[in-house]
Amino acid sequence: MSGAVDAKAYAAVDLGASSGRVMVGRVGADRLDLTEAHRFPNRPVRTPDGLRWDVLALYAGVLDGLRAAGPVDSVGVDSWAVDHGLLDADGALLGNPVHYRDARTEGVAERVWATLPAAELYAATGLQYAPFNTLYQLLAARGTAQFAAARRLLLIPDLLTYWLTGEQGTELTNASTTQLIDPRTRDWSREVADRLGIDLGLFAPLRRPGDAAGLLRPEVLEETGLAGPVPVTAVGSHDTASAVAAVPASDERFAYICTGTWSLAGLELPAPVLTEESRAANFTNELGLDGTVRYLRNIMGLWLLQECVRAWGEPDLGELLRAAARVPALRSVVDAGDAAFLAPGRMPERIAEACRASGQPVPRTPAEVTRCILDSLALAHRAAVEEAQRLAGHPVDVVHVVGGGTRNALLCQLTADACGLPVVAGPTEAAALGNVLVQARAHGLVGDLAGMRRLVARTQPPARYEPRGGTARWRAAGARLADR
């Protein structure tokens with residue numbers, strides 16, 4: 001183990017859909033440890049205009065976190081995808097960014113497809129259909145006074161980086177979720193933009209993970225107590241890109257599931273899969289580090305359980321999961337990728353309604369609803385992992401689960417059972433670790449992507465779950481959903 005004198009400290013600003021955190025990673029030749037400097041809530045606000053992110057509160061949390069972090073050698077920012085702030089000609093933010101769960105994009109995709117058919121759009125960008133894709137948000141905003149005044153669009157991590165440094169850029173891994181990037185060229189799709197009348201001049205120049213993104217402004221140094229100069233480094237600013245970079249895989253024969261509010265389940269590939277069959281299966285091709293493609297499916301994730309827990313008055317989660325483990329398996333399942341579960345509110349009732357509509361037993365207690373959710377997520381994980389292998393011609397031997405869901409041992413075991421493959425769970429803070437590692441690599445402390453993963457494997461011991469009981473019952477449960 002290298003001594004502390006050899007290690008450098010990196011601040012990872014990691015913003016999730018329900019909370020933000022500033023983590024400090026210390027990296028040396030054989031050292032990678034992570035400590036939490038500050039954690040803060042991310043609470044969307046419903047205004048008369050719709051659902052908005054409180055981005056000023058997030059920025060204040062970032063500044064508080066950097067103050068708590070103490071001296072660091074670099075800062076990197078990652079967050080969720082697709083959402084953005086609009087700036088006027090003076091660089092001032094034009095209102096709070098719209099939340100991807102806002103209803104403003106309803107019906108927009110159909111209008112887009114009338115001009116650019118869905119099959120052609122997928123062949124050009126490789127992005128799965130989701131109603132909140134940045135492309136649809138842009139077209140929903142067209143005609144508003146705010147959009148007319150906009151001269152720059154910055155995705156959420158790029159907006160915070162701009163406030164920290166005064167420098168504007170568009171980091172590539174997050175840009176690939178806008179539905180305006182060609183995953184083959186790893187550059188803007190001018191054909192898509194031209195056909196839909198989108199001005200790519202709204203976007204700042206593209207950056208790649210590891211690029212310099214500026215220095216902390218003097219005012220930020222003063223507010224945080226940091227001594228400059230402190231560089232800001234572009235990382236995989238889509239949190240899933242950072243999380244996948246920290247998957248402790250030993251070779252390419254792995255699937256991953258990044259778990260949290262969403263489950264992102266898929267493969268790491270050297271090239272996109274742009275077939276019509278892939279589009280019909282709703283797989284996306286997002287860009288990762290070092291020329292990789294994150295070929296994955298978005299699944300609703302632990303959002304389903306988070307919303308239920310909120311509706312139940314925040315019961316003890318450990319007790320709830322223990323009770324759910326005693327509920328008979330696969331009694332009732334729902335489609336965990338169904339957009340019907342996207343909006344907040346009434347989640348226990350909506351899950352019960354879905355079970356009733358499909359002729360399954362209706363879960364009535366919190367434990368029964370929780371078991372339904374976890375079984376349904378494991379079933380969705382199984383479907384995504386199986387279909388990704390088939391569509392990409394890329395077999396796997398193991399499923400790596402990273403992110404917040406690694407704390408949920410029942411979900412990890414059910415995922416192993418459903419997939420019929422070992423599940424290696426960890427690290428929990430994969431996005432922050434990937435963020436830190438890209439910064440460390442930019443400063444010459446770690447090597448290539450495989451070297452980054454070896455360092456994670458050596459320093460972040462995972463848990464392992466072996467599959468139990470065969471997969472026949474999971475196949476049968478999947479057939480029940482398919483027959484609805």
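Positions are given from 1, in the same order as the sequence printed here.
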* Apply side chain to side chain donor-acceptor pair (under 3.5 Å) to Glu191 and Ser189, showing your working. => CA-CA 5 Å; Glu191 177 197 359; Ser189 174; 5.1 Å; no
* Would Leu421 and Val396 satisfy side-chain contact (heavy atoms from CB on, under 4.5 Å), going step by step from the backbone distance to the final call? -> CA-CA 9 Å; Leu421 290 167; Val396 306; 3.9 Å; yes
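- Taking 4.5 Å as the limit, some side-chain heavy atom of Cys372 sits within range of a side-chain heavy atom of Ile351.
- Taking CG from Leu127 and CG from Leu274, the interatomic distance works out to 10.5 Å, rounded to the nearest 0.5 Å.
- Legend: ring pair (Phe, Tyr, Trp, His ring centres under 6.0 Å) pairs involving residues 372-429, not counting sequence neighbours, sorted by first then second residue: Phe254-His400.
- Proximity of Leu153 to Leu138: side-chain heavy atoms (C-beta onward) are separated by under 4.5 Å at one or more points.
- Atom CG of Leu302 and atom CG of Leu377 lie 6.0 Å apart (nearest 0.5 Å).
- Shown here for Ala378 and Leu411, the closest heavy-atom pair between the two residues is N-CD1, 4.3 Å.
- Looking at Val293 and Glu268, their side chains never come closer than 4.5 Å, going by heavy atoms from C-beta outward.
- More than 12 heavy atoms of other residues, nucleotides or ligands shown are found within 6.0 angstrom of CD on Glu353.
- Once rounded to the nearest 0.5 Å, the distance linking CG of Leu159 with CG of Leu87 reads 6.5 Å.
- Using cut-offs of 30° and 60° on the angle between ring planes, the pair Trp53 and Tyr100 is tilted.
- For the atom pair OG1 (Thr134) and CG (Asp83), the distance works out to 7.0 Å, reported to the nearest 0.5 Å.
- Sorted by first then second residue, the ring pair (Phe, Tyr, Trp, His ring centres under 6.0 Å) pairs that include residues 263-311, not counting sequence neighbours, are Phe283-Tyr295.
- A distance-only check finds a donor-acceptor pair linking the side chain of Thr173 to the backbone of Ser237 [under 3.5 Å].
- In terms of heavy atoms, Asp102 sits closest to Gly50 at OD1-CA, 3.2 Å.
- Contact detail for Asp14 and Ala431: the closest heavy-atom pair is OD1-CB, 3.6 Å.
- Put simply, the side chain of Asn133 gets close to the backbone of Gln128: a donor and an acceptor are under 3.5 Å apart.
- More than 12 non-hydrogen atoms from other residues, nucleotides or ligands lie less than 6.0 angstrom from CZ of Arg142.
- Using a 4.0 Å cut-off between charged nitrogen and carboxylate oxygen, Glu36 and Arg39 count as a salt-bridge pair.
- A donor-acceptor distance shorter than 3.5 angstrom exists from the side chain of Gln137 to the backbone of Phe132, with no hydrogens or angles considered.
- Of the possible polar contacts, one joining the Thr259 side chain to the Gly405 backbone as a donor-acceptor pair under 3.5 Å is found.
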* Begin from the C-alpha positions of Glu466 and Arg468 and carry the test salt bridge (charged side-chain N to carboxylate O under 4.0 Å, His left out) through to its verdict. => CA-CA 7 Å; Glu466 297 293 339; Arg468 308 169 305 183; over 6 Å; no
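- The main-chain N or O of Pro44 is never found under 3.5 Å from a side-chain atom of Arg52 such that the two would form a donor-acceptor pair.
- In terms of the ring-ring contact (aromatic ring centres under 6.0 Å, His included) criterion, residue partners of Phe203 (sequence neighbours excluded) are, by chain and number, Trp188.
- In summary, Arg297 and Glu387 engage in a salt bridge, as defined by a charged side-chain N under 4.0 Å from a carboxylate O.
- In terms of the ring-ring contact (aromatic ring centres under 6.0 Å, His included) criterion, Trp312 has no residue partners (sequence neighbours excluded).
- Aromatic ring orientation, Trp113 versus Tyr136: perpendicular (interplanar angle above 60°, classes split at 30° and 60°).
- By the salt bridge (Lys or Arg N to Asp or Glu O under 4.0 Å) test, Arg184 pairs with Asp182, sequence neighbours left out.
- Looking at heavy atoms from C-beta onward, Cys419 lies out of side-chain contact with Pro467 at the 4.5 angstrom threshold.
- Gly76 and Val235 make their closest contact through CA-CG1, 4.0 Å (heavy atoms, listed as atom of the first residue, atom of the second, distance).
- Pairs passing the salt bridge (Lys or Arg N to Asp or Glu O under 4.0 Å) check and including a residue from residues 119-141, sequence neighbours excluded, read Glu120-Arg195.
- A salt bridge links Asp375 with Arg371; the closest basic N to acidic carboxylate O contact falls under 4.0 Å.
- Considering only residues two or more places apart in sequence or on other chains, Pro462 meets the side chain to side chain contact (heavy atoms under 4.5 Å, CB included) condition with Val424.
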Which atom pairs, one a donor and one an acceptor, fall under 3.5 Å between side chains of residues 316-327 and the rest of the protein, sequence neighbours left out?
| from | atom 1 | to | atom 2 | distance (Å) |
| --- | --- | --- | --- | --- |
| Asp316 | OD2 | Gly318 | N | 3.2 |
| Asp316 | OD2 | Glu319 | N | 2.7 |
| Arg326 | NH1 | Arg322 | O | 3.4 |

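- Among residues two or more places apart in sequence or in another chain, the salt bridge (Lys or Arg N to Asp or Glu O under 4.0 Å) test is passed with Arg186 by none.
- Not a single donor-acceptor pair under 3.5 Å links the side chain of His99 to the backbone N or O of Pro97.
- Panel note: side chain Asn285, backbone Gly126; a donor-acceptor pair is recorded below 3.5 Å.
- Nearest heavy-atom pair across Gly426 and Val402 is O-CG1, 3.5 Å.
- Counting heavy atoms from C-beta outward, Val334 and Phe341 have side chains that approach closer than 4.5 Å.
- Screening residues 237-261 for salt bridge (Lys or Arg N to Asp or Glu O under 4.0 Å), with sequence neighbours left out, gives Arg253-Asp397.
- In this structure a side-chain-to-backbone donor-acceptor pair under 3.5 Å is present from Thr275 to Ser278.
- Between Ile257 and Leu264, every side-chain heavy-atom pair lies at or beyond the 4.5 Å cut-off.
- Nearest heavy atoms, Gly236 versus Leu289: CA-CD1, 4.5 Å.
- Under a 4.0 Å N-O distance rule, the pair Glu386/Arg382 qualifies as a salt bridge.
- Judged as a ring-ring contact (aromatic ring centres under 6.0 Å, His included), and not counting sequence neighbours, Phe147 has no contacts.
- Contact annotation: the side chain of Leu15 approaches that of Leu160 to within less than 4.5 Å [non-hydrogen atoms, C-beta and beyond].
- For Asp290, the salt bridge (Lys or Arg N to Asp or Glu O under 4.0 Å) test picks out Arg441, with sequence neighbours left out.
- Judged by distance alone, the side chain of Thr284 and the main-chain N or O of Glu286 form no donor-acceptor pair under 3.5 Å.
- Side-chain atoms of Arg207 do not come within 3.5 Å of backbone N or O of Leu172 as any donor-acceptor pair.
- Between Leu433 and Leu34, the closest side-chain pair of non-hydrogen atoms falls below 4.5 Å.
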